[in-house]
Amino acid sequence: MTYVIFHALAPIFIIMLLGFWAGKAKMVDNKNVSLLNIFVMDFALPAALFSATVQTPWNGIVAQTPLIVVLTLAMWIAYAVLYFVATKIFKKSPQDAAVLTLTVALPNYAALGLPILGSVVGEGSATSLSVAVSIACGSVLMTPFCLLILEREKARLAGETQRSTLAMLPVLMWRSVKKPIVWGPLLGVVLSAIGIKMPDLILTAIKPLGLAATAAALFLTGVILSARQLKINSMVISSTVTKLLIQPAIAWGIVLLFGLHGTVAITAILMIALSAGFFGVVFGNRFGVQSPDAEAVLLLSSLLSILSLPLFISLTAGI
């Protein structure tokens, strides 16, 4: 099992290391990554998420409702609690807190979901469906929270401070929804729900973009990290503990609350137990927000998941 985890994590570290080296060697301007960010956030990731959601049968999505409920609640609870702690106790800015909490609350479904879950419950269409639903769940139900906060703070910095957050909510929601990273997967879910099958020609045409998404995002993350000095502090340590231990425990509690067992329970807990994802860091960079804590959590949680994942795999073996 340790080999499987190493095997799943290796591409993450190798690709981020390549991006880090490219930035340090000045092969890429690590102070100005806007072009890379536009490619990742507006083209590659939306294409990947759209392809994953539009090809997921609606009946399959509905059948995965228990999984969706557990994942959503575990992500929302972790996001809300950590955002409160970051802003009220550690006095982080709303932008920094939003990026950090998205990094912690949204696991790395895209890169780790299939290899880890496949090794535990077996590879097959059901496993692929669970991972696709998890990715859709994160992109549609989690990322808008971060975007709303970032858009709100951007509006305030631009002088739009006369109205309350509630009054600005429709405008902020529209600004968030119209971004490809949100409407891409959302459109895929809607088309799946109404039974519209995308032509193979279109799916084939955007497939290369989707295949490049994870690698490009990890490379971009490495480039971003090359311009920073990573520091381990109490916020980073508490966030990493939350990601690797507390959030999976929350998911386990929700599983027990709803009386779930078997494959769906194992899937829900292990998907939440995955290390931190790169979405927060990439989102922050898109808005000009630098969060050294989020970047440190991304690296530290990926390293320590080599220890935490086997723990949860062992603990969930009999449920």
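Every value quoted in this text rests on a predicted model; they were computed, and no experiment measured them.
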Output a table of donor-acceptor pairs, distance under 3.5 Å, between side-chain atoms of residues 61-68 and any protein atom two or more places apart or on a different chain; print 'none' if there are none.
{"residue": "Q64", "atom": "NE2", "partner": "S130", "partner atom": "OG", "Å": "3.4"}
{"residue": "T65", "atom": "OG1", "partner": "V62", "partner atom": "O", "Å": "2.5"}

Cut-off 3.5 Å, no hydrogens considered: what does the side-chain donor-acceptor table look like for residues 101-116, sequence neighbours left out?
{"residue": "T101", "atom": "OG1", "partner": "A97", "partner atom": "O", "Å": "2.6"}
{"residue": "T101", "atom": "OG1", "partner": "A98", "partner atom": "O", "Å": "3.2"}
{"residue": "T103", "atom": "OG1", "partner": "V99", "partner atom": "O", "Å": "2.8"}
{"residue": "N108", "atom": "OD1", "partner": "A111", "partner atom": "N", "Å": "3.4"}

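One finds the OG1 atom of T53 at 7.5 Å from the CG atom of L187 (value rounded to the nearest 0.5 Å). Here CG of L300 is found 4.0 Å from OG1 of T240. Values are rounded to the nearest 0.5 Å. Here the CG atom belonging to L150 is positioned 10.5 Å from the CG atom belonging to D96, to the nearest 0.5 angstrom. Note that CD1 of I224 is 6.0 Å distant from CG of N37, once rounded to the nearest 0.5 Å. For the atom pair CG (L186) and CG (L191), the distance works out to 9.5 Å, reported to the nearest 0.5 Å. Rounded to the nearest 0.5 angstrom, I250 CD1 and I269 CD1 are separated by 12.5 Å.
The ring pair (Phe, Tyr, Trp, His ring centres under 6.0 Å) analysis of residues 293-319, with sequence neighbours excluded, yields no pairs.
With a 6.0 Å radius and a threshold of 12 heavy atoms from other residues, nucleotides or ligands, F43 has its CZ atom at or below the threshold.
Using a 4.5 Å cut-off on side-chain heavy atoms (C-beta onward), E153 and F287 make no contact. Within the 4.5 Å cutoff, side-chain heavy atoms of M235 are placed close to those of L82.
Of the possible donor and acceptor atoms, one in the side chain of S301 sits under 3.5 Å from a partner among the backbone N and O of A276. With K231 contributing its side chain and D293 its backbone, the two residues share no donor-acceptor pair below 3.5 Å. A distance-only check finds a donor-acceptor pair linking the side chain of T127 to the backbone of G122 [under 3.5 Å].
For the side chain to side chain donor-acceptor pair (under 3.5 Å) test, no residue two or more places apart in sequence or in another chain qualifies with T221. Annotation: side chain to side chain donor-acceptor pair (under 3.5 Å) contacts of D29 (sequence neighbours excluded): none.
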Could you go through the side chain to side chain contact (heavy atoms under 4.5 Å, CB included) check for H261 and I319 one step at a time?
CA-CA 6 Å; H261 55 83; I319 67 173; 5.6 Å; no
Exercise. Before giving the answer on side chain to side chain contact (heavy atoms under 4.5 Å, CB included), spell out for M142 and W76 the whole-Å C-alpha distance, their side-chain angles and the decisive distance to 0.1 Å.
Key: CA-CA 7 Å; M142 267 303 303; W76 283 359; 3.5 Å; yes
Residues L220, F39; criterion side chain to side chain contact (heavy atoms under 4.5 Å, CB included); working and verdict: CA-CA 10 Å; L220 172 60; F39 171 72; over 6 Å; no
Could you walk me through whether V40 and F219 pass the side chain to side chain contact (heavy atoms under 4.5 Å, CB included) check? CA-CA 10 Å; V40 171; F219 185 86; over 6 Å; no
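As a member of the Ile/Leu/Val/Met/Phe/Trp/Tyr network built from side-chain separations under 4.5 Å, W21 groups with M27.
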